[in-house]
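Position 1 is the first residue of the sequence; numbering continues from there.
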Amino acid sequence: MTGNSPALPPYRRIAAQIKDRIERGELQPGDRIPSVREIVRDEGVSVATATRVASVLRAEGYAETIQGIGTVARMPSKITTGPDRLQLQRTTGSGFRPGERVEIISAAMEPASPEVADALEVEVGTQVVQRRRRYLDEDGVIALSTSWLPPDLAVAAPELISTGPLPKMTFGLIEDRTGRRAIKRRDTVSIEELPEDVAELLDQAPGTAVLSMVNRYWDQHGQITEYARDYMGPGRVLEAEYDLE
């Protein structure tokens, strides 16, 4: 069982145990998860380690904090978007939820279309980085995601134009190589008809109407680092949670 793996850091091991309890129905959505004090007492770990457990569970969609009640169990949604993966990467060190995987469809330089050029603030036809991935889980295709990045990033991080896996995903690689940290994003959600090349990868007919999300990311200098569009697989939903304090 994953939760019993000694190779995991203590906070990840404890989080995996709690996720297992949620998936088995021992903890129902709305039930309180073990508190920091309980984890410290039962697992013999530090307060700092125990505190990270809830952060991992929230990032992976297995818990939510409700004011006046505390942190309670929930079942994760069936969609993980680019912004979700950024939060997962920063919180857990991985941009994937349990059972998810990625297929790199393509990674290369390509001339910017008018849409991409406008988003990246370059001239139409400028060679930019394009990466296309298909995210999957046990239920099938989660989303077909295409990202476009400014051309200078291919110089700093040539892995971006390789179909090999990125150790820290796009966000982490850019930050490591350039110091440019994504600190702002804008999301636009719409219903779009599937282009032919995308429809094939989603196992859908061209022209099928699906949920689509466009993401724009900016760094600490106000410069755009990535423009992305996700087309959601059948049966997937978009979900967002925000603290309103």
Is the closest side-chain donor-acceptor distance between [X] and [Y] under 3.5 Å?
{"X": "Ser212", "Y": "Ser190", "result": "no"}
{"X": "Ser113", "Y": "Glu115", "result": "no"}
{"X": "Asp230", "Y": "Ser145", "result": "yes"}
{"X": "Ser106", "Y": "Arg131", "result": "no"}

With hydrophobic residues grouped by side-chain heavy-atom distances under 4.5 Å, do [X] and [Y] end up in a single group?
{"X": "Ile105", "Y": "Val198", "result": "yes"}
{"X": "Val214", "Y": "Tyr231", "result": "no"}
{"X": "Tyr62", "Y": "Val72", "result": "no"}

Problem - Transitive ILVMFWY cluster of Leu166, excluding itself - 4.5 Å side-chain cut-off - result: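 Met109, Val129, Leu149, Leu153, Leu160, Ile161, Leu173, Ile174, listed by chain and number.
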Handout entry: Glu159/Arg177 salt bridge by N-O under 4.0 Å criterion
Key =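 The answer is yes: the pair qualifies as a salt bridge.
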Handout entry: Salt-bridge present (Arg132, Asp197; N to O < 4.0 Å)
Key =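 Between Asp197 and Arg132 there is a salt bridge, with a charged N closer than 4.0 Å to a carboxylate O.
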Please table the atom pairs, donor to acceptor, closer than 3.5 Å between any side-chain atom in residues 28-38 and protein atoms at least two apart or in another chain.
from: Gln28; atom 1: NE2; to: Gly25; atom 2: O; distance (Å): 2.8
from: Asp31; atom 1: OD2; to: Gln28; atom 2: N; distance (Å): 2.8
from: Ser35; atom 1: OG; to: Glu38; atom 2: N; distance (Å): 3.1
from: Ser35; atom 1: OG; to: Glu38; atom 2: OE1; distance (Å): 3.4
from: Glu38; atom 1: OE1; to: Ser35; atom 2: N; distance (Å): 2.8

Practice task
Mark yes or no for whether Arg134, through its side chain, and Leu201, through its backbone, hold a donor-acceptor pair below 3.5 Å.
Solution key: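 A pair under 3.5 Å: yes.
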